[in-house]
Novice: 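Structure in structure tokens, see below.
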Amino acid sequence: MNKVRWTFWVPLALFGAFIVLVGVQLFRPANDEVASAMIGKPLPEFDLRPASSTRPGLDTADLSDGTPKLLNIFASWCVPCAAEAPQLAELERAGANIVGVAVRDRPEDVAAFLSRYGNPYSRIGADDVSEVQLGIGSSGVPETFVVDGNGVITYQHIGDIRPEAVPLLLEKLREAGQ
Amino acid sequence: MRWLLALLMAACALSAAPLAAQGTLPPAPYAYRQLDDPAQEAQATELMETLRCLTCQGQSVVDSDAPMAGDMRHQVRTRIAAGETPEEVRAWLIDRYGDYISYKPSISSVTWPLFAVPVLLAVVIALVLRRRLGGRK
Amino acid sequence: MIAEFGLAALWLAAALALLQLVAGVAVLKQGETASPAISALVRPSAAIQGVLAAVAFLALLVVFHQTDLSVKLVAENSHSDKPWIFKIAGAWGNHEGSMLLWVTIMSLAGALIALLERRLPEPTMIATLSAQAFTGLGFYAFLLFSSNPFERLAPPAPQGMGLNPLLQDIGLAFHPPTLYFGYVGLSIAFSFAVGALITRQVTPDFARAMRPWVLGAWIFLTLGITAGSYWAYYELGWGGWWFWDPVENASLMPWLAATALLHSASVLAARDALRAWTIMLGVVAFSMSMIGTFLVRSGILTSVHAFAVDPERGSFILALLAINIGGALTLFALRASTVAEGERFSVTSREGALVVNNVALSAILGIVLLGTLYPLLTEAFGVRVSVGPPYFNPVSAIFFLPMLLVLAVGPLLRWRQDSLGRVQKQVVLIAVVILAALAGVAFSTSIGILPLLGIALSLGIAVASFMPLIGRSILRVPLATWGMVVAHFGVAVALFGAACDSAFTQERLLAAQVGETTQLGPWTVTLEGVDPVAGPNWTAIEGRLSARYGDGRPTEITPQSRNFWTPPQETNEAALLTRWNGQLYAVIGEEGEDDRWQLRLWWKPFVTLIWYGGALISLGGLLALIGRVANDLRRRSVQRRGATRRGEQPS
């Protein structure tokens, strides 16, 4: 009979564990972000056509030329992308080499976007079927990746770049250059 | 509770801006087109039913009109057509997004309890049934 | 004015719940010496509380019907241009309103047992009603202190924000209340279990008293899940009917527990066995309702945040859960060992089969709960994983398929002790049907193992479900037995539909120009035209398709792609063409290059059987419920006549 008795406490114990788990989760900040699993890995092979007539396209070799770069995933139809434009300009002024990947975008829309919000990019590739996005584990726009001189991804920033994130990105870029 | 599912989906659609505004290009070639080989298409569909859409995270990529889901369908179909097996494509995606993207948990150091618990349940049931029913006076 | 009236009714109802609880506890404490005046307070408080809660809910319906935009809830969830039926449905299509509906059903259920249930010892009934009042009070507090549905807005809004278009569907409008009747109806089983534990009265009478309430709740749950599944099937536009989504799992878990409870209550009622187990299930069933609702409402599982705006609400409900469920489980742990196990029985007996049913259902419940919560668990350690159909289907099948075999044979067995030899003929027949179907389908098609087993077992069960009627005069078979037969047959029907859908569905995606024709299985479908159409609060693109089955006459179907403007959203209205052997499912998408339209077509053989099966299962429950209640009434009137006769004799 004694053996049976402790089993009656099992449901309560399981329920207690449930309450603790849920209680902890309830007060944790929500996390909807899907982080890329490609940090520390080399970029996949790709060769994108130019997204607008003003800048050349983008391929893997461009990103392994020895200089670390910021790889910015953006689109003209994306509102937060316009919001981060001043921060990208600031990064460019601070010496960052920024390349862009325009997702599902027509050349004329990209051109209009760049003339309105500025063009911090040295190259812009057009990613019409999310080939590069899927290849580097990006799940939305905008996202910004730090890529070192050998084409290895070292850092991922999800969402638009707020002013307070600029120093962090510069720091990550400097680390990638070491 | 289904209506909550709908609410959640709506919340997703609204917060991410209307779906139509997530691209100015027509959908990728294989987003809404089946592969010509029915066997390959069946493989692709079966795989896509078990991949999570990254825009509307509660849906699989076959159940979503989000352009990114369309691009994922295109990616899956072209890879299958090129001769990759569904599990290779799944592994390729997991390499990029982690286990979260696949609704099919693989046995790993993180997920083993998912598979151990049913086995444990079966053992406990067998023992209890034997004791309660087998050992009848 | 009406809003304040509703709020006042709600406060009064809460006060009566408090009175019900205090009076009940006082009576239980004093035991034999309790004053009859106090004990006489309990039942009327429960009854009036039910009426007051209903009045409050009616007030909310009126406010929504009038679109009173000075009420915050109305302004946030309704719109004056909506059809009236959706204005009313809007009352429960939001957090506060659905919690009020929850409380109303709970109080009404409490009122009903207070008025109707007389066969249990009075102390047990008082303990039961006290438990009901205790749970109810928690929810009243939640409503009044953190989710007041009658809150005013000053100044009133000029216009409402509208209701999600996906919810503007007649099937969906009545889906939540149906499910809630099920969820909250289980609170009665919970209170009965707690009452029986407090007074240590776990008897067959307890099971008989509880059973009709469980049956009633279970019928609503079955209907709600069936209707919800059909709604998702035709409204979401992808032809799927079950996704193992956390939201769906939340409704499935109470159903699994309630199904197990129904069957174990039968054993307790008939044979006085499985006492502690039945009590446990009574507690678990309603706990699953509350946990499921909490998980969904809190947004914890879905990462779209309902409570995140207001974590106070989340912690409030979590505290309610901890107190109610934790309290009941503690009581169970303390008292269950003093509840004797009850009668023993052999494995080849009706009880033996029902025990298998119970452990299998509980195991499936455990797996669904584990799979639903597991991503939450790993997230606490910083790892995100997904658990979906490729996990749930095979793992639950491990327990589900053996259970189905037992379902075929169990009803043929006698109580206490029986042997398979006695029912040898029937068992052999069932085995032959299953094996023949297995071989036949396996040789003629190349479908997956699970659908194959599903089809074979469903045919076996379909035959087996009618066997309990063999050798009995059809007219004299009790209604409850008919209920069992119909419900089990419904399981076979639904299983057959589900297996066929997963094995034989054919899909065609195409970008069609007007005039283009395509083949899909036995169907020939032509896109005849595409026209713009307009509704009360939407505009749409409507495709005109003519569909011909084999050499039959063409039928026109018109799928739409709708654009709502308050709030702005697109929905797909699929067009369904139903035949006896399946459904053609058509969706029209966006316009592509060179005047081509995206069409998605599916031919789904026997898919409708899934929901017919669900309806049959509910019908079986209804027959059983009518049978039980009729029996009970007959028994009562016999007793009453006996009592009057005894009363007359001495005079």
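Chain identifiers are assigned alphabetically (A, B, ...) following the order of the sequence lines, protein sequences preceding nucleic acid strands; residue numbering begins at 1 within each chain.
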Novice: Check for a donor-acceptor pair, side chain of C:Ser386 on one end and backbone N or O of B:Tyr100 on the other, with a separation under 3.5 Å.
Specialist: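 Side chain of C:Ser386 to backbone of B:Tyr100: a pair is present.
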Novice: Which heavy-atom pair separates B:Leu121 from C:Ala363 by the least distance, and what is that distance?
Specialist: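 Taking every non-hydrogen atom into account, CD1-O, 3.8 Å.
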Novice: C:Arg600 versus chain B, heavy atoms under 4.5 Å apart: side chain, backbone, both or neither?
Specialist: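 The side chain, not the backbone.
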Novice: Does any backbone or side-chain atom of C:Val383 lie under 4.5 Å from a heavy atom of chain B? Answer side chain, backbone, both or neither.
Specialist: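 The side chain, not the backbone.
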Novice: So for C:Phe399, is it side chain, backbone, both, or neither that comes closer than 4.5 Å to the heavy atoms of chain B?
Specialist: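 Side chain of C:Phe399 only, per the 4.5 Å heavy-atom cut-off to chain B.
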Novice: Would you say the side chain of C:Asn572 lies within less than 4.5 Å of the side chain of B:Asp65, judging by non-hydrogen atoms?
Specialist: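 Sidechains of C:Asn572 and B:Asp65: in contact.
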Novice: In terms of heavy-atom proximity below 4.5 Å to chain B, should C:Val359 be classed as side chain, backbone, both, or neither?
Specialist: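 Both backbone and side chain.
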Novice: I want to check something: taking the side chain as every heavy atom from C-beta on, are B:Pro118 and C:Ile367 in contact at a cut-off of under 4.5 Å?
Specialist: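 In short, these two side chains touch, coming nearer than 4.5 Å.
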Novice: Grab the two heavy atoms, one from B:Arg77 and one from C:Leu509, that are nearest each other, plus how far apart they are.
Specialist: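 Looks like NH2-CD1, 3.6 Å.
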Novice: Looking at every non-hydrogen atom in both residues, tell me the closest pair between B:Tyr103 and C:Pro389 and how far apart they are.
Specialist: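 Shortest heavy-atom separation between B:Tyr103 and C:Pro389 comes out as CB-CD, 4.4 Å.
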Novice: Among C:Gly224, C:Pro390, C:Ala360, C:Gly371, which residue forms the greatest number of heavy-atom pairs with chain B at distances under 4.5 Å?
Specialist: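 So the answer, after comparing C:Gly224, C:Pro390, C:Ala360, C:Gly371, is C:Pro390.
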Novice: Are the side chain of C:Glu507 and the backbone N or O of B:Thr45 linked by a donor-acceptor pair below 3.5 Å?
Specialist: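 It does not hold such a pair.
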Novice: Grab the two heavy atoms, one from C:Tyr374 and one from B:Thr111, that are nearest each other, plus how far apart they are.
Specialist: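 Residues C:Tyr374 and B:Thr111, closest heavy atoms: OH-CA, 3.8 Å.
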Novice: Looking only at heavy atoms, what is the nearest atom pair of B:Pro113 and C:Leu370, with distance?
Specialist: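 Closest heavy-atom pair between B:Pro113 and C:Leu370: O-CD2, 4.1 Å.
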Novice: More than 12 non-hydrogen atoms from neighbouring residues, nucleotides or ligands closer than 6.0 Å to CD on B:Glu46, yes or no?
Specialist: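 Not more than 12 within 6.0 Å, no.
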Novice: Which answer fits B:Val62, side chain, backbone, both or neither, if we ask what part of it has an atom under 4.5 Å from a heavy atom of chain C?
Specialist: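 It is the backbone, since no side chain atom gets that close.
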Novice: If I measure from the heavy atoms of chain C, does B:Ala122 come under 4.5 Å with its side chain, its backbone, both, or neither?
Specialist: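 Both the backbone and the side chain of B:Ala122 come within 4.5 Å of chain C.
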Novice: Identify which part of B:Pro105 has an atom lying under 4.5 Å from any heavy atom of chain C, answering side chain, backbone, both or neither.
Specialist: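 When you check distances to chain C, atoms from both the backbone and side chain of B:Pro105 fall under 4.5 Å.
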Novice: Please name all residues satisfying ring-ring contact (aromatic ring centres under 6.0 Å, His included) with C:Tyr391, sequence neighbours left out, ordered by chain then number.
Specialist: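 For C:Tyr391, the residues satisfying ring-ring contact (aromatic ring centres under 6.0 Å, His included) (neighbours in sequence not counted) are B:Phe115.
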Novice: Heavy-atom cut-off 4.5 Å, strictly under: side chain, backbone, both or neither for B:Ile125 against chain C?
Specialist: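 For B:Ile125, side-chain heavy atoms alone lie under 4.5 Å from chain C.
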Novice: For B:Glu41, is it the side chain, the backbone, both or neither that has a heavy atom under 4.5 Å from a heavy atom of chain C?
Specialist: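 The answer is the side chain of B:Glu41.
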